[in-house]
Amino acid sequence: MTVLAIAEQSQGGFRKVTYEALSQGRVIADHLGCDLVALVLGAGVKEIASELAKYGADKILVADAPELAEYLIDSYTNVMTDIIGKVCPGVVVMGASTRGKDISARLAARLNAALVMDCVSARFDGQNLIATRPMYGGKIYADVMPEGNLKILALRPNSAPMVQSPKAGAVESVPVNLGKTCVTFIEKTMDAAKTELTEADVIVSGGAGMGSANFGILEELAALLNGAVGASRSAVDQGFRPHSDQVGQTGKVVSPNLYIACGISGAIQHLAGMSSSKVIVAINKDPEAAIFSKADYGVVGDVFELVPAITAEVRKIRG
Amino acid sequence: MEIVVLLKQVPATESNIGIGDDGVSAKTDNVKWIISPYDEFAVEEAIRIKEKQGGSVTILSAGAEKAADAIRTALAMGADKGVLITDPAIQSCDGLGIAKILAGALKSMSYDLIIAGQRAVDDDNYLVGTAVAEFLNIPSISFVVKQEIADKKIRCQRTVEGGTVTVESPLPILFTTQRGLNEPRYASMQGIMKAKKKPIDKKSLKDIGMADAGKPLTKIIRLTFPPQRKAGQIIDGESAQAKAAALVKALHEQAKVI
């Protein structure tokens with residue numbers, strides 16, 4: 001028995017969710033009394049692979065090929081299937097990033113594996129592995145028991161803790177069998193400066209009352225806190241922010257350390273999407289706004305006065 | 001262009017969801033049922049492709065009898081016909097089981113393109129569309145915000161963390177939708193009238209050549225409500241500046257998040 005953790009590299013480093021998946025994988029491997037093997041796919045990734053030993057990888061497999069430079073579903077599925085066939089893990093853990101959601105679905109179907117998608121935690125109840133995952137955008141949580149010889153956990157980013165536990169982590173290159181592929185890479189457009197909402201530690205979010213031009217004050221505060229800017233559905237519908245910024249049941253479900261809701265009334269769909277944030281601050285001029293019922297700290301007042309004042313105060317403590 | 005849209009009927013997103021007496025199923029009495037919003041993008045995109053290139057749009061769903069209402073709504077938007085796989089055995093299926101059933105139905109249908117929502121907003125599984133493609137042995141592209149079809153090839157722009165990636169594939173293919181792909185139309189009165197005459201073919205598992213729904217690989221053993229948040233403290237002050245200072249102090253010293 002082995003536990004396999006899939007690492008996700010991007011722009012020459014590992015995504016944070018890689019370390020979260022490894023840490024979760026380590027806990028499972030310790031319970032089962034087996035090795036944790038990490039797997040990295042990519043081009044020129046061998047140099048960074050040893051980094052994975054810090055988070056508990058006993059062994060690190062590297063599938064390195066120029067064709068794996070960009071993530072493509074069919075080549076990545078083929079290579080992973082091949083390696084899973086050789087490693088024979090009982091449990092595979094990966095991040096439920098865009099890529100993880102894509103590939104875990106393919107792998108589950110191809111390998112007839114029990115997949116718990118987008119889970120936020122995992123534990124053992126005796127022999128049984130049980131993972132918890134939100135449903136209905138976080139309105140309810142399900143404890144799910146995966147069964148069978150191969151179980152796949154796709155972990156929601158920002159949910160499982162990152163725990164360092166250095167292991168030997170010998171790096172080993174494995175042969176790359178690309179197999180039949182149909183999907184080809186054309187181009188990508190990345191905004192390197194933008195922090196991904198689902199991975200952000202701090203989110204400053206705005207509602208329809210902000211208006212398009214005024215999101216600047218939220219951006220300023222978010223930048224100061226190394227965070228990201230989110231938006232309510234109505235702010236997105238009015239074209240103030242791109243669709244990718246929408247927080248809620250039909251947008252992104254987020255759980256940052258700090259969520260600052262500015263001028264957001266708190267529709268049930270929005271609350272579902274951010275209620276698992278660790279600390280919630282609500283700023284709204286309407287003292288009856290539903291958002292206050294979920295907030296750890298509420299401030300009643302004008303967002304346009306309060307947010308710049310908060311930014312100035314944060315600057316003071318940041319020196 | 002023969003297009004099939006995979007559609008699921010789900011509780012409206014404004015619904016409060018309870019937990020059933022069995023502790024493992026969601027209580028959805030008295031909720032309003034809708035087309036899952038991401039599937040609605042799929043219906044809209046399929047109709048737009050048909051309007052441009054000709055062909056037909058078939059709506060395929062697996063679920064309860066009442067899912068016919070959601071199919072009917074899609075027909076009113078402009079889809080041509082519906083297929084509903086309905087069978088008591090479907091209730092116990094997990095996501096992979098549903099994908100097997102949909103793929104089983106698709107095996108006797110003709111398609112150049114299959115469009116599915118990235119996820120249904122009830123079980124949030126992000127699984128079914130991509131798994132259907134795998135069972136049909138065709139490529140898939142997920143989280144698509146823009147697509148273009150020419151010369152039996154499709155070029156899709158998909159969202160990834162911090163940007164977008166454009167990929168290309170020959171047809172047939174399945175792609176899943178991302179918010180931003182389109183703005184779904186409302187069914188017109190004329191569309192609603194026309195939809196009444198459009199066919200919805202109801203089939204059992206046996207009708208699509210499946211003996212049973214198979215054994216689910218994942219089992220929900222318990223549903224719980226997330227920890228209920230209570231309203232915390234209201235930060236008061238003489239001025240915006242005083243409130244801001246008190247808030248930042250609390251976040252820094254008490255909550256220790258900044």
Side-chain angles (χ1 to χ4, degrees), chain A residues 73-74 97-98 101-102 105-106 108-110 114-118 135-148 182-191 194 196 225 243-244 249-250 257-258 268-269 275-276 279 292-299 301 305-306 309-310 313-314 317, chain B residues 13-14 16-17 19 26 37 95-96 99 121-127 130-131 134-135 139-143 155 159-170 179-180 217-226 229 231-235 240-241 243-245 247-248 250-252 255 257-258:
Chain A
I73 185 159
D74 32 31
S97 57
T98 307
K101 283 171 182 148
D102 202 33
R106 275 266 168 188
R110 189 169 298 182
L115 167 62
V116 189
M117 178 68 90
D118 208 24
M135 291 169 65
Y136 296 89
K139 289 174 193 164
I140 52 178
Y141 279 58
D143 284 349
V144 177
M145 190 165 77
E147 291 175 316
C182 294
V183 183
T184 51
F185 175 81
I186 304 295
E187 60 174 356
K188 65 177 169 185
T189 315
M190 303 301 274
D191 184 351
K194 195 164 174 169
E196 169 59 27
L225 297 169
H243 293 287
S244 54
Q249 190 181 357
T250 60
N257 281 328
L258 175 60
I268 183 172
Q269 298 95 328
S275 285
S276 60
V279 175
F292 286 119
S293 70
K294 302 284 177 187
D296 300 284
Y297 300 99
V299 189
E305 287 176 16
L306 283 164
I310 292 166
E313 289 299 321
V314 174
I317 61 163
Chain B
T13 55
E14 68 269 21
N16 277 305
I17 302 296
I19 296 172
L96 212 54
V121 300
D122 53 358
D123 54 21
D124 289 332
N125 221 349
Y126 299 90
L127 164 70
T130 303
E134 175 63 30
F135 289 133
S140 59
I141 301 172
S142 56
F143 305 107
R155 189 171 276 212
T159 59
V160 297
E161 286 79 1
T164 59
V165 174
T166 305
V167 294
E168 194 178 83
S169 170
R179 186 166 286 281
L217 290 166
T218 57
K219 202 163 98 187
I220 294 178
I221 56 167
R222 189 173 68 134
L223 292 181
T224 55
F225 289 110
R229 301 193 81 98
Q233 63 185 104
I234 292 289
I235 305 274
Q241 204 246 328
K243 288 177 187 172
L247 174 69
V248 171
L251 292 176
H252 185 55
V257 284
I258 59 174

Short side-chain to backbone donor-acceptor contact, [X] and [Y], under 3.5 Å:
| X | Y | value |
| --- | --- | --- |
| B:Asp124 | A:Gly137 | yes |
| B:Arg179 | A:Thr250 | yes |
| B:Arg229 | A:Ser275 | yes |

How about [X] and [Y]: do any of their side-chain heavy atoms sit closer than 4.5 Å?
| X | Y | result |
| --- | --- | --- |
| A:Lys101 | B:Phe143 | yes |
| B:Ile234 | A:Val299 | no |
| A:Leu115 | B:Thr218 | no |
| B:Ile220 | A:Met135 | yes |
| A:Val144 | B:Ile221 | no |

If we define contacts as heavy-atom pairs under 4.5 Å, which of [options] has the most with chain A?
| options | result |
| --- | --- |
| B:Ile235, B:Asp123, B:Leu217, B:Leu251 | B:Leu217 |
| B:Val160, B:Leu127, B:Asn125 | B:Asn125 |
| B:Ser169, B:Gly95, B:Pro37, B:Ala99 | B:Ser169 |
| B:Gly162, B:Ser142, B:Ala131 | B:Gly162 |
| B:Val121, B:Thr164, B:Val165, B:Ile19 | B:Thr164 |

What part of [X] lies closer than 4.5 angstrom to a heavy atom of chain B: side chain, backbone, both or neither?
| X | value |
| --- | --- |
| A:Asp118 | side chain |
| A:Asp102 | both |
| A:Ile268 | side chain |
| A:Leu306 | both |
| A:Glu196 | side chain |
| A:Ala295 | backbone |
| A:Leu225 | side chain |

Counting only non-hydrogen atoms closer than 4.5 Å, does [X] touch chain A with its backbone (N, CA, C, O), its side chain (CB onward), both, or neither?
| X | result |
| --- | --- |
| B:Tyr126 | both |
| B:Thr159 | backbone |
| B:Ala245 | both |
| B:Leu96 | side chain |
| B:Pro226 | both |
| B:Leu247 | side chain |

Side chains of [X] and [Y]: donor-acceptor distance under 3.5 Å anywhere?
| X | Y | value |
| --- | --- | --- |
| B:Thr13 | A:Gln269 | yes |
| B:Glu161 | A:Thr98 | yes |
| A:Glu305 | B:Gln241 | no |

Would you mind telling me which of A:Asp191, A:Thr184, A:Asp74, A:Val116 has the largest number of heavy-atom pairs within less than 4.5 Å of chain B?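 Most heavy-atom pairs within the cutoff with chain B belong to A:Thr184.
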
Checking side-chain contact (heavy atoms from CB on, under 4.5 Å) against A:Ile73, which of B:Val167, B:Thr130, B:Ile141 comes through?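 Testing A:Ile73 for a side-chain contact (heavy atoms from CB on, under 4.5 Å) against B:Val167, B:Thr130, B:Ile141 leaves exactly one candidate, B:Thr130.
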
List the atom of A:Ala109, the atom of B:Glu134, and the distance in Å for their closest heavy-atom pair.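 Looking at all heavy atoms of both residues, the closest pair is CB-CG, 3.5 Å.
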
Tell me whether the count of non-hydrogen atoms from other residues, nucleotides or ligands lying under 6.0 Å of NZ in B:Lys219 goes above 12.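 It does not: B:Lys219 NZ has 12 such atoms or fewer within range.
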
